[in-house]
Number of protein chains: 2
Amino acid sequence: MDESEFLAGYDPRAYPAVAVTVDVVALTIRGGALHVLLVQRGEQPYAGLWALPGGFIRPGEDLPEAAARELDEETGLTGRVHIEQLASYGAPERDPRMRIVSISYLAFAPDLPDPRAGSDAADAAWHRVDRLPKLAFDHERILGHGLERARDKLEYTPLATAFAGERFTISELRAVYETVWGVPLHAGNFHRKILSVPGFVESTGETTESGGARGGPRAKLYRAGDARLLHPALLRPSREEEIR
Amino acid sequence: MDESEFLAGYDPRAYPAVAVTVDVVALTIRGGALHVLLVQRGEQPYAGLWALPGGFIRPGEDLPEAAARELDEETGLTGRVHIEQLASYGAPERDPRMRIVSISYLAFAPDLPDPRAGSDAADAAWHRVDRLPKLAFDHERILGHGLERARDKLEYTPLATAFAGERFTISELRAVYETVWGVPLHAGNFHRKILSVPGFVESTGETTESGGARGGPRAKLYRAGDARLLHPALLRPSREEEIR
DNA sequence: GCCGTTATTCTCATACTGAGATTGTCTCAA
DNA sequence: TTGAGACAATCTCAGTATGAGAATAACGGC
């Protein structure tokens, strides 16, 4: 039986309703650590637990639109934020109330301010991804996929510049990679690599106002270039475990 | 307003129903060309046009399960087929009948038999992806994303072996790459590369029964190895256009 | 048996990478 | 004011990967 036949003898409205939500994995870097935006649930199920910000799509609203709205409701930020679809989850029992299919989105932004104290429920806050509370629903799994995707995209896209400000130094960019990947990188090689990938960064001709907090010369400032893919890619230090 | 507050004053059932479907982009290689499985619609809307196989998810059925079922209904194949989630589409007007959110799946398989003559609608058949008829809904876009994903995954995963049979020669594997990427590859370099990537293929110790149809020595036979990621990856000949 | 085809292996020049070292600027504290 | 340590920016050098072309040899078809 395929779609048309199925439709012919099948009225979806006759079945238990399926609701569609979007959930957003919003990542930012604060104080040298990767953080994710979470909201504390005020109601059952999972009252008191933290969850990814999200909600039902509205009539007439496209998916990316819904994701941007959810993010905006928590952070107040709309522009400047890179947002992309992550994956969808629809296990029958993932929400005890009813059948809910959730489309997850991944968002990246430079050091964001504290979220609005939720016009709603209990609370909203940035949490270090390496010190997470227990999450509601299957949000731990969704967040895991989001982190994986972010780490991968750092390799072959200029995504890292989305975590940095308008202008940044090579060292700041390196800190983004080190934070997201969780490994130290060779400063000299990183510098050489960044400048050799066409379109990754472009010089602003300026330098920082002063040296680093603990010394060192002023660094040159760069802005994001026009490349959409990095070629050749920046490869993560080998991950033998992940290969097999 | 976040999920919990929204839920509190909002009953999704009160809104126009949202239906969830899965659509499958099933790819195979037949006669040296990449093909996609399409079904011809028997009813409105888009009656007579071709579309990706798909249909509504059923109560109690998880997403991947639904995708596998849809594929099985058309091909009869269940095992052997690699299947993974592709993306989701939910533009309000993508289906004129009602709000439909579709989760698409990507499937790869070795040269598959002709599909069942659809227990349903009009027809089901493999179509060369470079000679497509007009497609229903936004299926052309979905297929485009599927092809893009397949081409990318060929670079860093052993996916190509999913298009080849149980045992295959290096040349057959090269043909898969050339077909999916649409470019000729240097036979010698390809050979060297495949054998140097750990875990990509492993020797069976056997060779083909005879040489190629137009001559040439017998080729050694290999089977898929245990690698899940290719390292270093096989890079596609440079695609300047796609970088910026 | 001769010719064209194809599998497999080599060569060689070029490009990219990891590790370590060098040079010179700048902050901080004695 | 000065010396120590931090850090940006370059460079060296060896090891590895890649593209292009060629060499060798096994087969099928005629």
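Below, chain A is the first sequence line, B the second, and so on; all start at residue 1.
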Interatomic distance where CD belongs to B:Glu155 and P belongs to D:dT18 [whole Å]: 12 Å
Starting from P on D:dG19, measure out to NZ on B:Lys193 and report it in whole angstrom. 8 Å
Euclidean distance, atom CZ of residue B:Phe190 to atom P of C:dC10 [Å, nearest integer]: 19 Å
If you compare every side-chain N and O of B:Arg174 against the phosphate oxygens of C:dA7 (OP1, OP2), does one of them come in below 4.0 Å? yes
On DNA chain D, does the nearest nucleotide to B:Pro217 precede the nearest nucleotide to B:Pro232 from the 5' side, or the other way round? Give the residue. B:Pro232
Please state whether the phosphate of D:dG29, meaning OP1 or OP2, lies under 4.0 angstrom from any side-chain nitrogen or oxygen of B:Arg214. no
Please report the distance, rounded to the nearest Å, between CZ in A:Arg236 and P in C:dG18. 14 Å
Could you give the CD1-to-P distance, from A:Ile194 to C:dG18, as a whole number of Å? 12 Å
Classify the nucleic acid contact of A:Gly215 as base, sugar-phosphate or nothing, counting any heavy atom under 4.0 Å across all strands shown. base
In whole angstroms, the gap separating P of D:dC27 from CD of B:Glu209 amounts to 12 Å
Toward the 5' end of DNA chain C, by each residue's nearest nucleotide, B:Ala187 or A:Ser196: B:Ala187
With distance as the sole test, does B:Arg149 use its side chain to make a donor-acceptor pair with the main-chain N or O of B:Gln85 at under 3.5 Å? yes
Mind checking if A:Ser210 touches a base, just sugar-phosphate, or nothing, with heavy atoms under 4.0 Å? sugar-phosphate
Starting from the 5' end of DNA chain D, give me the residue, B:Pro237 or B:Gly216, whose nearest nucleotide shows up first. B:Pro237
Is the phosphate of C:dT9, meaning OP1 or OP2, less than 4.0 Å from a side-chain N or O of B:Lys220? yes
In this structure, how many angstroms lie between the C1' atom of C:dA7 and the CD atom of B:Glu172, rounded? 12 Å
Does the D:dG28 base have a donor-acceptor partner in the side chain of B:Arg218 within less than 3.5 Å? no
In Å and rounded to the nearest 0.5 Å, what is the CZ to NE2 distance from B:Arg30 to B:His127? 11.0 Å
Ion pair B:Arg69/B:Glu65, N-O distance below 4.0 Å: no
Given C:dT9, D:dA20, C:dA19, which nucleotide is nearest the side-chain atoms of A:Asn189? C:dA19
In terms of heavy-atom contacts, does CD of A:Glu140 have more than 12 from other residues, nucleotides or ligands at under 6.0 Å? no
Out of C:dG18, C:dC12, C:dT8, which nucleotide sits closest to the side chain of B:Arg192? C:dC12
Which of these passes salt bridge (charged side-chain N to carboxylate O under 4.0 Å, His left out) with B:Arg223: B:Glu172, B:Glu166, B:Glu202? B:Glu202
Consider the side chain of A:Ser171, meaning its heavy atoms from C-beta on, and name the nucleotide among C:dT8, D:dA8, D:dC7 that approaches it most closely. D:dA8
Using whole Å, report how far NE2 of B:His231 lies from C1' of D:dA17. 11 Å
According to a strict under-4.0 Å criterion, is A:His186 in side-chain N/O contact with OP1 or OP2 of C:dG18? no
Main chain of A:Leu34, side chain of A:Thr179: is a donor-acceptor contact present, judged purely on distance under 3.5 Å? no
Just compare C:dT27, D:dA9, C:dT8 and give me whichever is closest to any side-chain atom of A:His191. D:dA9
